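Structure, as structure tokens:
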There are 2 protein chains.
Amino acid sequence: MLRVSRLTDYATVVMTCIAAHPSDVLSTAQIADEARLELPTVSKLLKLLGHAGLVESFRGVNGGYRLARPAEAISLADIVEAMEGPIGMTECSVAQGQCDRQAQCGVSDSWRSVSGAIGGVLRAMTLAQMLAGRPTAPAKDATQVAQANA
Amino acid sequence: MLRVSRLTDYATVVMTCIAAHPSDVLSTAQIADEARLELPTVSKLLKLLGHAGLVESFRGVNGGYRLARPAEAISLADIVEAMEGPIGMTECSVAQGQCDRQAQCGVSDSWRSVSGAIGGVLRAMTLAQMLAGRPTAPAKDATQVAQANA
DNA sequence: TCAATACCGGACCAAAATGGTACTGTTTTC
DNA sequence: GAAAACAGTACCATTTTGGTCCGGTATTGA
Ligand code: FES
Ligand code: FES
């Protein structure tokens with residue numbers, strides 16, 4: 001299906017939740033509640049995201065997480081890479097010299113090319129843009145519905 | 001890693017092999033030999049590709065496979081969809097109504113948007129283009145090496 | 001006619017990735 | 001020093017993936 005893992009999907013949800021409360025330190029429990037996800041799962045996600053430098057963590061009472069950078073400076077590519085490692089469409093094209101067919105195989109160049117293009121697509125989508133489609137208020141007007149069906 | 005399955009990668013290799021011999025019916029064994037892949041694997045791939053209408057099959061002695069359309073009319077998106085089903089980045093965005101969080105979740109629109117963009121990238125790469133980087137002759141001159149390292 | 005070739009449609013299995021959970025530290029606040 | 005909250009890691013169940021095999025059928029040509 002050429003899909004991203006479900007955890008990565010959840011990671012974007014979590015990130016938009018955090019981005020919705022800028023300059024606020026949210027605990028894992030708060031985030032899990034708002035994102036409608038299980039707490040242990042959210043905990044794991046935040047650990048990964050923190051390790052990638054996308055969120056800052058604060059320990060102790062009243063600790064929690066906060067965006068490490070403004071939402072405009074975080075792209076979907078950042079999140080995907082944090083969760084799944086470097087973006088590459090084929091096993092062969094990331095691990096150079098892994099595949100013994102590489103000498104004869106001419107498609108690897110093409111795959112590398114499309115991987116680059118897809119990386120560009122992911123880099124073009126920022127967290128701020130994703131947040132724009134998800135209003136904090138439960139309002140959902142016609143413009144957004146039209147955009148969804150486009 | 002946001003990757004396509006290895007079988008899909010192999011499918012592109014197989015397709016370029018077939019495309020390298022236009023208007024020739026190649027047996028599974030010939031294709032497997034040329035693609036340096038195991039015969040049962042190639043057999044499975046060709047079954048999938050045939051089912052998707054990308055290759056024509058001929059039974060009996062001297063049977064085999066041939067492209068169903070000219071290489072210019074077959075895109076990478078066709079091959080990926082033949083192997084992995086419809087292109088969609090997240091589970092949620094393909095199976096509408098599957099995820100009970102969908103009402104609250106605002107990121108699905110964004111994901112659908114990037115899925116569309118990535119579909120475009122895949123549709124833009126044709127089998128003919130992929131073949132161009134893989135000469136039939138075993139010659140490998142400097143220009144190709146340079147291109148490979150680009 | 002009949003045997004050889006070669007695709008068709010499955011079933012089948014082992015190994016790996018995934019999703020999810022739990023538990024034990026460590027740091028900070030009050 | 002007790003409670004809150006993150007850090008790290010280990011663990012397991014399930015699913016997906018990659019790969020193989022076999023009996024069936026159609027076509028060719030001697
Ligand atoms: S490089 Fe491994 S199959 Fe192409
Ligand atoms: S629709 Fe399922 S998590 Fe967004």
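These values consider heavy atoms only, across backbone and side chains, with no hydrogens, waters or symmetry-generated copies. This is a predicted model, so every value here is computed, not measured. Naming convention: chains lettered A, B, ... in sequence-line order (proteins, then strands); numbering from 1 in each chain.
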N/O donor-acceptor pairs under 3.5 Å from side chains in residues 69-81 of chain A, not counting sequence neighbours:
{"from": "A:R69", "atom 1": "NH1", "to": "A:A73", "atom 2": "O", "distance (Å)": "2.8"}
{"from": "A:S75", "atom 1": "OG", "to": "A:A77", "atom 2": "N", "distance (Å)": "3.3"}
{"from": "A:S75", "atom 1": "OG", "to": "A:D78", "atom 2": "N", "distance (Å)": "3.2"}
{"from": "A:S75", "atom 1": "OG", "to": "A:D78", "atom 2": "OD2", "distance (Å)": "3.3"}
{"from": "A:D78", "atom 1": "OD2", "to": "A:S75", "atom 2": "N", "distance (Å)": "2.9"}

Residue set satisfying salt bridge (charged side-chain N to carboxylate O under 4.0 Å, His left out) with B:R123, at least two apart, ordered chain then number -> none

Would A:H21 and A:Q30 count as having a side-chain donor-acceptor pair, cut-off 3.5 Å?
no

Rounded to 10 degrees, the angle between the two terminal axes of the helix from C:dT1-D:dA30 to C:dC30-D:dG1, each from five pairs:
10°

Tell me whether the side-chain N/O atoms of B:S57 come closer than 4.0 Å to OP1 or OP2 in C:dC8.
yes

Would you indicate what A:S43 reaches in the nucleic acid, counting non-hydrogen atoms under 4.0 angstrom: base, sugar-phosphate, or nothing?
nothing

Judged by atom type as modelled, is there a donor-acceptor pair below 3.5 Å linking the side chain of B:E84 to the main-chain atoms of B:S5?
yes

Rounded distance in Å - CZ (B:R6) to P (C:dA15):
15 Å

Protein-nucleotides 26-30 of chain C N/O pairs under 3.5 Å:
{"from": "C:dT26", "atom 1": "O2", "to": "A:R59", "atom 2": "NH2", "distance (Å)": "3.0"}
{"from": "C:dT27", "atom 1": "O4'", "to": "A:R59", "atom 2": "NE", "distance (Å)": "3.4"}

With sequence neighbours left out, what residues match B:R66 under salt bridge (charged side-chain N to carboxylate O under 4.0 Å, His left out)?
B:E56

How would you give the extent of chain A contacts on DNA chain D, as first and last nucleotide 5' to 3' within a 4.0 Å heavy-atom cut-off?
D:dA3 to D:dT9

So, B:S113 side chain and B:D109 main chain: donor-acceptor pair closer than 3.5 Å or not?
no

Does any non-hydrogen side-chain atom of B:I118 lie less than 4.5 Å from one of A:L2?
yes

Which salt bridge (charged side-chain N to carboxylate O under 4.0 Å, His left out) pairs, counting each pair once, include a residue from residues 4-29 of chain A, with sequence neighbours left out?
A:R6-B:E91

Remaining members of the apolar cluster that contains B:L39, side-chain heavy atoms under 4.5 Å
none

Spacing between A:L7 atom CG and C:dT21 atom P, to the nearest angstrom
11 Å

Atom-to-atom span, CZ of B:R66 to C1' of C:dA6 - whole angstrom:
16 Å

Could you list all the salt bridge (charged side-chain N to carboxylate O under 4.0 Å, His left out) pairs where at least one residue sits in residues 35-55 of chain B, not counting sequence neighbours?
none

Would you please name every residue forming a side chain to side chain donor-acceptor pair (under 3.5 Å) with B:Y10, sequence neighbours left out?
A:R101

Check whether any side-chain N or O of B:S27 sits under 4.0 Å from OP1 or OP2 of C:dA6, and answer yes or no.
no

In residues 44-51 of chain B, what residues come within less than 4.0 Å of DNA chain D, judged by heavy atoms?
B:K44

B:S110: what forms a side chain to side chain donor-acceptor pair (under 3.5 Å) with it, not counting sequence neighbours?
none

Could you pick out which residue, A:V4 or B:F58, lies toward the 5' side of DNA chain C when each is mapped onto its nearest nucleotide?
B:F58

Please step through side-chain contact (heavy atoms from CB on, under 4.5 Å) for the pair B:L127 and B:L67, ending with a clear verdict.
CA-CA 11 Å; B:L127 184 55; B:L67 290 188; 4.1 Å; yes

